[in-house]
Student: 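Sharing a structure with you now.
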2 protein chains.
Amino acid sequence: MSEPISRMTMHNVGGADGGRLDIFLRKLLGQCRLSTIDQQHLLALPFQLRDLPAQASILHEGDSARVCPILLSGFAYRYKIAADGGRQIVSLRIPGDPLDFQSLYLQTIDHHMQALTPVSLALVPLPALEQLAEARPSIARAILVDILIEASIGREWQLNIGRRHALPRLAHFLCEFVYRMQLIFAHSSDEIEVPITQEQLADILGLTPVHVNRTLKTIEQAGAVVRKGRRLYTRDVAALAQLADFTPLYLHRDNAN
Amino acid sequence: MSEPISRMTMHNVGGADGGRLDIFLRKLLGQCRLSTIDQQHLLALPFQLRDLPAQASILHEGDSARVCPILLSGFAYRYKIAADGGRQIVSLRIPGDPLDFQSLYLQTIDHHMQALTPVSLALVPLPALEQLAEARPSIARAILVDILIEASIGREWQLNIGRRHALPRLAHFLCEFVYRMQLIFAHSSDEIEVPITQEQLADILGLTPVHVNRTLKTIEQAGAVVRKGRRLYTRDVAALAQLADFTPLYLHRDNAN
DNA sequence: CGGCTATTTGAGGTACCTCAACGCCCGTGG
DNA sequence: CCACGGGCGTTGAGGTACCTCAAATAGCCG
C-alpha cells in the first residue's frame with residue numbers, strides 16, 4: 001500500500017503538458033458541450049502526474065481532499081465497508097474519469113477509493129478547479145453533469161443489486177462496462193478485456209466470488225463472454241444486453257448533443 | 001392516478017407566498033451556508049402550489065422536465081423497474097427536499113418518481129431556478145451540495161442492499177429515516193411514524209414484503225420499533241443503530257458548518 | 001522451479017423467496 | 001351504525017438462489 005495522496009507534497013505543478021488531459025476533455029465532451037475556450041482552459045489546468053500500482057489507496061473515508069485526481073489511464077473504484085467486513089464497490093471509474101469532484105463541494109470524503117489496475121493520475125489542485133468553475137459557468141456545468149451521470153449509474157446499480165438475479169446482474173454490469181469503454185475510446189468492437197477479478201466483480205454485484213465464478217461459466221457457455229487464462233473478455237454485447245435487460249438511457253449519452 | 005406534471009399548465013406564478021418555501025430553505029441551510037441575500041432570493045422564487053394524492057406520478061422516465069418540484073409536505077420516492085417487473089426504490093425524499101434538480105442539467109429523466117403519501121409540491125419553473133443559479137454561485141453550490149448528498153445516500157443504500165442481511169438492512173434504513181427527519185424538523189424524539197407500507201419497504205431494501213414483515217417482527221421484539229395497528233413507529237434509535245451498523249458520516253451533516 | 005494468488009469445483013447449509021390462505025384495519029356506502 | 005369490500009399485514013409450508021467451507025487446480029511472477 002503506497003503513501004496516501006492527501007499527504008503528498010505538490011511540486012512540478014504547471015500546465016505545460018496539458019496534452020495528457022486530453023482524455024479527460026474527451027470524457028467531458030461526451031457528456032456536454034463545451035466551447036473552444038472552455039476546452040483550452042480545461043487543458044491548461046495545472047496538475048501533477050502520479051503513477052500508482054494496483055491496489056493503491058486513492059481516497060480514504062473521513063479525509064479531506066486537497067487535489068482532484070483525474071484518471072488518465074487504468075481503472076479505479078469507490079467502495080464502502082460494512083461492520084462485518086463486507087465490501088461493496090459502489091462505482092467503477094474508467095480512463096478519462098474525474099475521481100473526486102465531490103470534494104469541491106463537500107468537506108469530508110464518505111467512501112474509499114482504490115486503484116483496480118496500475119493507474120496514472122493527474123492531480124489537479126482543488127483551488128485551481130474551483131476558480132475555473134467559478135469563472136466559467138459552462139465548466140461548472142460540465143462538472144455537475146459528470147456528477148449527475150455517476151449518480152444515475154449508481155441508481156441503476158441499486159436496481160441491479162436489489163432486483164436482478166445473479167446472471168442478469170452480472171450481464172448488466174458487463175454490458176455497461178462495454179458501453180462506457182466504447183464511448184471513451186470510440187471503438188465499436190464487442191471484444192473488450194474486463195480487467196476485474198472475480199472477487200472484485202463479487203463486490204460490485206453484491207455476490208460471493210464463488211457464485212460469480214459459476215455465473216460467469218454460464219454466461220461463457222451462452223457465448224456472450226470468453227475467458228482466456230485468467231482474463232475475461234466480452235464477446236457478444238447483444239447477447240449480454242438480452243441476458244441483462246439492458247437499456248442505456250441511464251448513461252445519458254444523449255446529453256452531449 | 002392523476003395528470004402528469006409535465007402536462008400541467010403554469011398559472012398563478014409568483015413569489016407572493018414565499019413563506020411556503022421556508023422548509024426548503026431550512027433544508028438547504030442544513031447542508032451549506034447561505035447569505036441573507038441568497039436566502040431572500042430563494043424565498044422569492046416563483047412557484048405554483050400543487051397538491052397530489054398518494055401514489056400520484058411526479059416524474060416519468062424518458063420525460064423532460066419543465067419545472068422543479070419541491071416537496072413542501074409529505075413523502076415521495078424515486079424508483080426504477082426491471083424487465084421482470086421488479087421495482088427498486090432508489091431514493092426517498094422527505095419534506096423540504098427538492099425532487100428534480102437533475103433536470104437543470106440533464107435532458108432526460110432516467111427514473112420514475114411517485115408520491116408515497118399525499119404531498120404538496122411547489123413547482124418552480126426551471127428557467128427561474130437556472131437564472132438564479134447562474135446569478136448567484138452560492139446558490140448553484142447549494143444545489144450541488146444537495147445533489148451530492150443524495151448521491152452519497154444512494155451509495156450507502158448500495159452497501160445496504162448488497163452487503164447487509166435483512167435485519168441490519170431494515171434497521172439501517174429506519175435509522176437513516178429518523179436522522180433525516182430529526183434534521184429537518186429539529187426535534188429529538190426517537191418516536192417517529194414511518195409512513196411506509198411493508199411492500200414499499202421491501203422495494204427500498206431489495207426484499208419481499210413477506211420477509212420485511214418477519215424482520216419487522218424481530219426488530220419489534222428487540223424493542224427498537226413499535227407497531228400500532230397498521231402503523232410503524234421507531235422507538236429506540238440507539239438500538240436501531242446498533243442493530244444496523246449505522247454511522248451518519250455519509251449524511252454530511254458537518255457540511256453546514 | 002517455487003510460491004503466491006486467482007480460479008474452479010464439490011457438498012452441505014441457510015437466508016430469503018414463492019405461493020397460498022387467512023385476518024385485520026379502514027374507508028365506503030347503505 | 002353496521003355491512004361490505006379491498007388493501008395491507010400475518011402466518012405457514014415448501015422451494016431455491018445463493019452462501020459457506022474446504023480443497024484442488026491453474027495461471028503468473030520471480
Side-chain angles (χ1 to χ4, degrees), chain A residues 1 53-55 75 82 84-89 114-118 160-173 193-221 225-233 243, chain B residues 1 53-55 82 84-89 114-118 160-174 193-221 225-233 243:
Chain A
M1 204 67 53
Q55 323 300 335
F75 297 83
D84 66 353
R87 180 174 80 157
Q88 181 68 40
I89 293 178
Q114 221 175 30
L116 173 64
T117 62
N160 208 29
I161 299 167
R163 286 296 182 221
R164 280 196 269 256
H165 287 184
L167 192 140
R169 198 186 299 182
L170 176 52
H172 190 283
F173 168 74
E193 182 181 351
V194 182
I196 309 178
T197 67
Q198 294 180 12
E199 189 176 358
Q200 290 158 345
L201 278 173
D203 287 341
I204 287 171
L205 300 170
L207 297 169
T208 54
V210 172
H211 201 64
V212 167
N213 182 277
R214 298 193 224 264
T215 310
L216 222 34
K217 188 159 68 165
T218 308
I219 293 186
E220 183 173 33
Q221 282 161 4
V225 128
V226 196
R227 285 174 300 165
K228 296 172 189 165
R230 252 170 215 181
R231 303 197 167 172
L232 171 64
Y233 301 85
L243 290 173
Chain B
M1 204 66 56
Q55 322 301 334
D84 67 353
R87 180 174 81 155
Q88 180 67 41
I89 293 177
Q114 221 176 30
L116 173 63
T117 61
N160 208 29
I161 299 167
R163 287 294 182 225
R164 279 197 270 256
H165 288 184
L167 192 141
R169 197 186 301 181
L170 176 52
H172 191 283
F173 168 73
L174 294 172
E193 182 182 351
V194 182
I196 308 179
T197 67
Q198 294 180 10
E199 188 176 0
Q200 289 157 346
L201 278 174
D203 287 340
I204 288 171
L205 300 170
L207 297 169
T208 54
V210 172
H211 201 64
V212 167
N213 181 279
R214 298 194 225 263
T215 309
L216 223 34
K217 188 159 65 166
T218 308
I219 293 186
E220 184 173 32
Q221 282 160 3
V225 129
V226 197
R227 284 173 301 165
K228 296 173 190 164
R230 254 170 213 182
R231 301 195 170 176
L232 172 63
Y233 302 86
L243 290 173

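Residue numbers begin at 1 in each chain, while the letters A, B, ... track the order of the sequences.
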Student: Hey, could you give me the CZ/CG distance between Arg169(B) and Leu207(B), rounded to the nearest 0.5 Å?
Tutor: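 Answer rounded to 0.5 Å: 4.5 Å.
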
Student: Counting only non-hydrogen atoms, which of residues 208-218 of chain B are less than 4.0 Å from DNA chain C?
Tutor: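 Contacting residues: Thr208(B), Val210(B), His211(B), Arg214(B).
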
Student: Is a salt bridge present between Asp84(A) and Arg164(B), judged by a nitrogen-to-oxygen distance below 4.0 Å?
Tutor: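 No.
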
Student: Can you check the Arg230(A) CZ to dC4(C) P distance for me, whole Å?
Tutor: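 Rounding to the nearest Å, CZ of Arg230(A) and P of dC4(C) are 14 Å apart.
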
Student: Counting only heavy atoms from other residues, nucleotides and ligands, does the tally under 6.0 Å from CD of Glu220(B) exceed 12?
Tutor: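 Count over threshold, so yes.
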
Student: Between C1' on dT5(C) and CD1 on Ile196(A), what's the gap in Å once rounded to a whole number?
Tutor: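 It is 18 Å, rounded to the nearest whole Å.
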
Student: Which of the following nucleotides, dC19(D), dA26(D), dG9(D), is nearest to the side chain of Thr197(B)?
Tutor: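 Out of dC19(D), dA26(D), dG9(D), the nucleotide with an atom closest to Thr197(B)'s side chain is dG9(D).
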
Student: Round to a whole Å and report the spacing from CZ of Arg163(B) to C1' of dC19(D).
Tutor: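 Whole-Å distance recorded here is 11 Å.
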
Student: Roughly how far apart are Thr208(A) OG1 and Leu201(A) CG, rounded to 0.5 Å?
Tutor: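 Nearest 0.5 Å value for the OG1-CG distance: 12.0 Å.
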
Student: Report the residue (Gly229(B) or Gly206(A)) whose heavy-atom-nearest nucleotide on DNA chain D is the more 5′ of the two.
Tutor: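 Closest to the 5' end, via its nearest nucleotide, is Gly229(B).
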
Student: If you round to the nearest 0.5 Å, how far is CG of Leu116(A) from CD of Gln55(A)?
Tutor: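 Between Gln55(A) CD and Leu116(A) CG, I get 7.5 Å after rounding to 0.5 Å.
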
Student: Roughly how many Å is it from CZ in Arg164(A) to C1' in dC17(C), rounded to a whole number?
Tutor: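 About 19 Å, once rounded to whole Å.
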
Student: When the distance from CZ of Arg227(B) to P of dG9(D) is rounded to whole Å, what number comes out?
Tutor: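 About 9 Å, once rounded to whole Å.
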
Student: Looking at CG of Leu167(A) and CD1 of Ile219(A), how far apart are the two atoms once the value is rounded to the nearest 0.5 Å?
Tutor: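 Going from the CG atom of Leu167(A) to the CD1 atom of Ile219(A) covers 4.5 Å.
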
Student: Write down the distance between CD (Gln198(A)) and C1' (dT5(C)), rounded to a whole number of angstrom.
Tutor: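 To the nearest whole Å, that distance equals 12 Å.
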
Student: Starting the side chain at C-beta, find the nucleotide from dA6(C), dC18(D), dT8(C) nearest to Glu199(A).
Tutor: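 The answer is dA6(C), which lies nearest to the side chain.
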
Student: Within this structure, what is the CD1-to-C1' distance between Ile161(A) and dA17(D), rounded to whole angstrom?
Tutor: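 Atom CD1 in Ile161(A) sits about 17 Å away from atom C1' in dA17(D).
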
Student: For Leu207(A) and dT20(D), what is the distance between atoms CG and P respectively, to the nearest whole Å?
Tutor: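 The answer, rounded to whole Å, is 11 Å.
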
Student: What heavy-atom pair brings His211(A) and Thr215(A) nearest, and what distance separates the two atoms?
Tutor: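 Between these two residues, the closest heavy atoms are O-OG1, 2.7 Å.
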
